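Please read all numbers here as calculations on a predicted model, not as lab measurements. Computed over heavy atoms, backbone and side chain alike; hydrogens, waters and symmetry mates excluded. A, B, ... follow the sequence lines: proteins, then strands. Residue 1 opens every chain.
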Amino acid sequence: MEQMPDSSGHFGQFGGRFVPEALMAAFDELDEAYRKAKGDPAFLAELAHLHRTYTGRPSPLTEATRFSQHAGGARIFLKREDLNHTGSHKINNVLGQALLTKRMGKTRVIAETGAGQHGVATATAAALMGLDCVVYMGEVDTQRQALNVARMRLLGAEVIPVTSGSRTLKDAINEAMRDWVTNVDTTHYLLGTVAGAHPFPEMVRDFHRIIGIEAREQILEATGALPTAVAACVGGGSNAIGIFHAFLDDPVALWGFEAGGEGVETGRHSACLTGGEPGVLHGARSYVMQDADGQTIESHSISAGLDYPSVGPEHAWLKDSGRAQYLPVNDDRAMDAFALLCRTEGIIPAIESAHALAGAIHLGHELGPDATIVVNLSGRGDKDVVTAARWFGLADV
Amino acid sequence: MNAALDAAFARAQDEGRAALIGYFPAGFPTVDDSIACIAAMVAGGVDIVEIGLPYSDPLMDGPIIQRAVEQALAQGTRTSDVLRVVAATAATGAPTLVMSYWNPIEHHGVEAFATELAAAGGVGVITPDLTPEEARPWIRATDAHGIARVFLVAPSSTTERLGIVTQSTTGFVYAASLMGVTGARTSLSTQAESLVTRTRAVTDRPVAVGLGVSTPEQVADIARYADGVIVGSAFVRAVIDAPDMPAALVAVADLARNLAAGTRRA
Ligand SMILES: Cc1ncc(COP(=O)(O)O)c(C=O)c1O
């Protein structure tokens with residue numbers, strides 16, 4: 001594959017940098033700092049040390065034998081990002097950007113969060129590195145992910161509920177951008193996914209590439225062969241791009257599963273690659289859920305972390321080029337897969353990750369018993385216990 | 001370049017004052033009321049009008065304008081309504097620009113937007129989240145239809161970037177007075193004056209200062225060194241604070257009159 005993105009951050013027609021002039025200097029500064037760090041062995045060694053001694057990398061690859069029996073007999077392996085410190089893949093990117101923040105001489109980080117996993121990871125890294133931390137979170141999400149709000153506050157972060165617009169992740173990003181343009185001298189915007197303006201999609205991807213690099217080695221060791229397919233859930237797209245990248249040049253099918261919500265046909269979903277059109281949101285051209293006038297349509301998903309009306313530009317490129325395929329998974333299918341993993345493997349997944357598990361069940365039936373599927377288990381479900389208990393009618397919560 | 005827009009700056013210059021540029025969002029409180037508010041701004045002494053195209057994700061706007069555009073969208077304001085407000089405003093004789101985030105224009109089609117804006121009598125477009133680097137199709141379409149492009153410069157802009165931005169600007173250069181979002185400030189930074197000085201060193205286009213300006217005193221201060229002064233949130237605030245539309249129209253015209261008085265250089 002050719003090197004993507006190009007030097008101005010374009011993946012074909014997607015990506016780029018659609019930002020206020022006031023922030024151009026900050027994006028240029030970040031781009032330069034990132035390029036320097038990437039080639040600096042000291043930076044890479046420091047990050048690798050944190051991965052090993054703080055996050056607990058490499059994360060294991062677990063064969064889900066009993067779960068596989070419900071997936072047409074295909075062998076299913078789980079890349080256990082749920083076992084990382086803070087409970088999801090998000091920490092990989094956060095540690096990289098927090099180190100960069102220090103290198104840029106900034107003392108404050110801000111972040112947006114949906115499920116709260118990125119906010120928790122950011123608050124964690126800020127505590128570890130002595131940075132001030134403010135997390136913007138849509139008011140709706142502060143309610144459905146209350147546990148994570150408490151975690152962030154325990155870690156010393158200020159959590160600001162966002163009450164504008166749809167009060168979810170997209171509005172939290174708007175509010176973080178407003179903060180950033182006002183405080184850019186002291187502050188780094190620690191964006192949590194592969195969306196946004198250049199260099200975020202490239203940089204965040206690079207910090208998550210370790211997922212796929214490890215998984216590729218681990219599956220070769222476990223089975224002696226490359227997998228038939230790799231599956232991941234897609235919100236902004238960071239865990240998916242992280243596990244996809246090491247397999248891009250291999251004969252391995254790459255599948256991304258978006259949140260179908262109540263069904264794409266109902267309009268209440270977050271599947272922008274299936275139900276959206278190319279457009280510009282939050283600084284990059286990608287697929288966007290939008291109306292006839294280019295106004296963003298509110299997304300819907302049972303999973304706060306997938307509830308976003310756009311997606312990282314590299315996924316738009318991978319879709320249009322045909323290298324990866326994307327399908328929506330509705331709330332009910334995701335919750336069925338959530339319950340199945342709990343009962344067959346003793347693992348409570350994040351509801352986000354449950355979308356990938358549902359996708360793997362579908363793929364397993366399509367591909368048959370000879371197939372091997374690696375699923376990125378992007379996070380654990382502690383934060384989702386209340387939502388799940390309500391869904392299944394298990395407790396008086 | 002656009003003759004009507006340039007003429008408005010030239011007239012103000014001849015009269016020993018800065019041009020007063022007023023922003024107001026289309027569709028707030030309703031489409032027809034926004035037309036009336038803008039007419040009151042012009043009657044009160046606004047020289048050039050910026051009509052805001054309401055957008056779902058206004059990430060450069062503070063709470064006042066956010067609230068106004070949310071209301072405009074909740075009432076179903078469409079891009080076609082914005083063009084109707086442009087036509088009504090242009091009919092007052094004031095040079096009329098649209099201020100829009102990029103996606104609504106791109107989604108409408110850049111060529112179609114430029115064509116329809118020109119047909120409605122609009123003279124230019126301000127694009128706060130579009131930089132020249134991403135603007136190639138937009139530059140082609142606006143040149144073809146004689147629509148002036150207004151890009152922004154900011155206190156953080158390097159000299160190199162000031163060059164890039166002003167070279168692609170065919171209307172006035174919009175100098176952001178401070179690092180931040182729209183909304184009134186009690187005091188303005190000293191960054192604005194040095195930004196205007198740095199901008200003038202690289203372009204002959206008129207330079208107008210906006211963001212945070214709300215009082216005649218602030219206008220008078222900026223009029224010393226800039227060709228134009230831009231006021232937005234203060235007009236919206238005047239409408240929000242008024243008990244009813246007739247009172248709002250009086251308040252808007254009064255505000256415009258007071259601000260216009262501030263534009264006169266001593
Ligand atoms: C566990 C988990 N998985 C996935 C996501 C979705 O993000 P992305 O698509 O960037 O991986 C989130 C976001 O909060 C998450 O917490």
Closest-packed option against chain A by number of heavy-atom pairs under 4.5 Å, given B:T79, B:D57, B:L178: B:D57

Contact winner vs chain A - B:P58, B:A176, B:P155, heavy-atom pairs under 4.5 Å: B:P58

Residue A:E277 versus chain B: region with a heavy atom under 4.5 Å: side chain

Engaged part of A:V288 at the chain B interface, taking heavy atoms whose separation is under 4.5 Å: neither

Stepwise ring pair (Phe, Tyr, Trp, His ring centres under 6.0 Å) check, A:Y287 with A:F14: CA-CA 9 Å; A:Y287 279 81; A:F14 299 108; 5.7 Å; yes

Part of B:P54 lying under 4.5 Å from any heavy atom of chain A: backbone

Residue among B:E133, B:R78, B:E70, B:M60 with most heavy-atom pairs under 4.5 Å to chain A: B:R78

B:L211 backbone acceptor or donor facing B:S177 side chain under 3.5 Å: yes

Proximal component of B:P128, with respect to chain A [non-hydrogen, under 4.5 Å]: backbone

A:A292 portion near chain B, given a 4.5 angstrom heavy-atom threshold: both

Contact origin within B:T158 toward chain A - heavy atom pairs under 4.5 Å: neither

Largest heavy-atom contact set with chain B, pairs under 4.5 Å, which of A:M177, A:E175, A:K170: A:K170

Main-chain N/O of A:N93 paired to A:Q97 side chain as donor or acceptor, under 3.5 Å: no

Among A:A22, A:G165, A:S164, A:A26, residue most engaged with chain B (heavy-atom pairs, under 4.5 Å): A:A22

Side chain to side chain, A:R108 and A:I110, heavy atoms closer than 4.5 Å: yes

Cationic N near anionic O, under 4.0 Å, A:E258 to A:K319: no

Interface moiety of A:D291 toward chain B, non-hydrogen atoms closer than 4.5 Å: backbone

Beyond-backbone contact of B:Y23 with B:T182, side-chain heavy atoms, under 4.5 angstrom: no

Over 12 non-hydrogen atoms of neighbours within 6.0 angstrom of CD in B:E160: no

Toward chain A, the part of B:L73 with a non-hydrogen atom under 4.5 Å: side chain

Flag for A:T168-A:D141: side-chain donor and acceptor within less than 3.5 Å: no

Charged N-O contact under 4.0 Å between A:R285 and B:E106: yes

